[in-house]
Amino acid sequence: MQVIETLAEGLKRELKVVIPAKDMEARMNERLEDAKGKVRINGFRPGKVPFAHLKKMYGKSIMAELVNELVREKPTEILSERGEKSATQPEIAMTENEAEADKILNAEVDFEFTLAYEVLPAIELKDVSGIKVTREVVDIDEAEVTEQILKIAENARTYETKKGKAANGDRVTIDYLGKVDGVAFDGGKDEDAELVLGSNRFIPGFEEQLVGVKAGDEKVITVTFPAEYPAANLAGKEATFDITVKDVAAAAEVEINDDLATKLGLESADKLKEVVRGQIESQYGSMTRQKVKRQILDQLDELYQFDTPQRLVDAEFDNIWRQINTDLQQAGKTFADEDTTEEDARAEYRKLAERRVRLGLVLSEIGEKAGVQVSDEEMQRSLFEQLRQFPGQEKQIIDYFQKTPGAAASLRAPIFEEKVVDHLLSEVKVTDKTVSKEELMADDEEDASETKKAAPKKKAAAKAEVAEGEEAAAPKKKAPAKKKSADDSAE
């Protein structure tokens, strides 16, 4: 076998592989000899089939098998001998000329094919001891814990039917039918819908017009959907709602006590406070982690500058671009609405894709050199999380991860990345800084505001990291319906 390098430009490689016809014929003859004693052909005793007849009948099919085996096995062998790693599956090209292919199967000409691929760049790891990060920490006081418990208690509070008019804080049970220009729209109808007045769950102006209603009342209210409403057919439109009030109920007093804890499945108020404090700590800890991680990635990005395999960048860009266009479509917006152009947005997201790929390669190299491993137990926990998010679809999800090539890697990658970040945190200088919750959340709020633009202004995240707020921001207020399609009035 002869391997000839025909292209070595940057990370791009192209090889011409030539396997002499005599070698192909020798391999074929070996298999024919092996098959001689096994095949059964009418008119011949077992093992007595003339070799020429055997070759005439099975030669081409055996050569076809050999060709398939060679193009499947040789690329890995060749790259290993060259000490190279391909960024993606190498592209293999063979002759498409039928006459030429027939000559190969008859061992009349050499078998040739080409390999085209990009090599993973060699990464020389650099000293990270100069990296400095600030870990922002929030001290949680009792007032915040109490405030959070009160919010939980409000969601769990009971209501008792009352006589008289509904006031803010009361819960009304209503049937409603929404119309635009007198025509009912999808998602604008519900029965026995429960709404706490003043909760701001529905679109502006809806709840206010129900203050003062009584059980049995029928009323028509008029509201205007926000201009940025995600359902394009309703955005900015005036609508009427036919309302039938079925019940008005007053809220019971909220108290933080053992009874409340029991109602929530806990043994005591003290245990409830402990659980809520832990949840708050976890929430702030997640924000702190993201900000620390971003600082590390930003500084790694400055340390490492090298060419990235364009096929990996293309694949990453395609994923990002698909999500951006989906978000815009769901929001009923265009790039012009987001104060940018498709060309500028493409350029920005191309940079994001390049950064993700580059940092992904760096983190992979750091993790490999540090001996970072992802255990089977960690993979199982990650799979369990996937199953927990989609109840009733457990079998389909398990089948997907068992049968889809590369699916398991999508579970492993984020675990591996977080463990590499943990390793880096033990190598870099970390300074703790006590901040208020407002200061901790400030950057995230700025990021969320900035990402309303189609082209992101914030710094990119590493490969496999999904930066918070990267999706197109959607209005949080609900219209009076419970379906969750972007095309109806629910969200």
Side-chain angles (χ1 to χ4, degrees), residues 144 146-160 162 164-180 185 187-215 217 219-254 276 279-280 283 330-332 437-438 441 444-445 448-449 451-452 468-469 471-491:
E144 185 170 1
T146 300
E147 178 185 356
Q148 189 61 38
I149 292 176
L150 286 172
K151 289 180 180 178
I152 296 171
E154 286 172 1
N155 291 329
R157 71 164 65 193
T158 58
Y159 289 83
E160 294 183 5
K162 77 170 194 178
K165 298 179 179 181
N168 270 330
D170 288 346
R171 185 189 70 192
V172 294
T173 303
I174 59 174
D175 295 344
Y176 61 79
L177 176 63
K179 302 174 184 177
V180 173
F185 55 85
K189 180 181 179 180
D190 201 2
E191 296 179 354
D192 296 323
E194 294 182 343
L195 172 62
V196 177
L197 301 184
S199 63
N200 294 322
R201 283 181 52 219
F202 287 178
I203 58 177
F206 188 94
E207 296 175 26
E208 292 87 339
Q209 296 182 62
L210 293 179
V211 173
V213 299
K214 304 185 301 296
D217 283 354
K219 184 174 184 177
V220 177
I221 65 175
T222 302
V223 294
T224 301
F225 282 93
E228 71 276 12
Y229 198 72
N233 62 314
L234 298 176
K237 297 286 183 63
E238 184 178 87
T240 61
F241 285 87
D242 299 337
I243 308 290
T244 300
V245 182
K246 304 177 84 169
D247 184 59
V248 176
E253 289 296 322
V254 171
V276 171
Q279 290 175 340
I280 296 173
Q283 178 186 3
Q330 290 178 348
K437 65 178 182 180
E438 291 77 17
M441 299 172 69
D444 289 334
E445 289 171 355
S449 174
T451 53
K452 290 181 181 179
E468 290 184 5
E471 293 118 11
K476 294 183 179 178
K477 301 234 176 142
K478 296 183 179 181
K482 293 186 177 180
K483 293 181 181 179
K484 293 189 177 179
S485 167
D487 294 328
D488 59 37
S489 62
E491 298 293 343

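Summarising the geometry, atom CG belonging to Leu177 is positioned 6.5 Å from atom NZ belonging to Lys189; distances are rounded to the nearest 0.5 Å. With rounding to the nearest 0.5 Å, the separation of CG in Asp175 from CG in Asp192 is 5.5 Å. Taken from OG1 in Thr224 to CD in Glu238, the straight-line distance is 5.0 Å, to the nearest 0.5 Å. Residue Ile243 holds its CD1 atom at 9.0 Å from NZ of Lys219, rounded to the nearest 0.5 Å. Here Lys151 contributes atom NZ and Glu154 contributes atom CD; the two are 8.5 Å apart, rounded to the nearest 0.5 Å. Atom-to-atom distance recorded for Ile174:CD1 and Asp247:CG is 11.5 Å, nearest 0.5 angstrom.
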For residues 208-215, which side-chain N or O atoms pair as donor and acceptor with protein atoms under 3.5 Å away, sequence neighbours left out?
unit_1: Glu208; atom_1: OE1; unit_2: Gly205; atom_2: N; d: 3.2
unit_1: Gln209; atom_1: NE2; unit_2: Gly205; atom_2: O; d: 2.9
unit_1: Gln209; atom_1: NE2; unit_2: Thr222; atom_2: O; d: 2.8

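Remark: Lys165 engages no residue in a salt bridge (Lys or Arg N to Asp or Glu O under 4.0 Å) (not counting sequence neighbours). Scanning for side chain to side chain donor-acceptor pair (under 3.5 Å) contacts around Gln283 gives an empty result, with sequence neighbours left out. Residues satisfying the salt bridge (Lys or Arg N to Asp or Glu O under 4.0 Å) test with Asp170, not counting sequence neighbours, are Lys162. Listed by chain and residue number, nothing satisfies the side chain to side chain donor-acceptor pair (under 3.5 Å) test with Asn168 (two or more places apart in sequence, or in another chain). The side chain to side chain contact (heavy atoms under 4.5 Å, CB included) test applied to Lys237 returns Val180, not counting sequence neighbours.
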Open item on the list: Please determine whether side-chain contact (heavy atoms from CB on, under 4.5 Å) holds for the pair Tyr159 and Val196, giving the CA-CA distance in whole Å, both sets of side-chain angles, and the decisive distance to 0.1 Å.
Closed with: CA-CA 10 Å; Tyr159 289 83; Val196 177; 3.3 Å; yes
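Panel note: side chain Asp242, backbone Val220; no donor-acceptor pair is recorded below 3.5 Å. In terms of modelled atom types and a separation under 3.5 Å, the side chain of Glu207 and the main chain of Ser199 share a donor-acceptor contact.
Ring geometry, Phe241 versus Phe206: the interplanar angle exceeds 60°, so the pair is classed perpendicular (tilted spans 30 to 60°).
In terms of heavy atoms, Ala235 sits closest to Ala227 at CB-O, 3.4 Å. Residues Ala251 and Arg157 share a closest heavy-atom pair of CB-NH1, 2.8 Å. Looking at every heavy atom in both residues, Ala232 comes nearest to Gly332 through CB-CA, 4.3 Å.
Within the 4.5 Å cutoff, the side chain of Gln148 has no heavy atoms near those of the Gln279 side chain.
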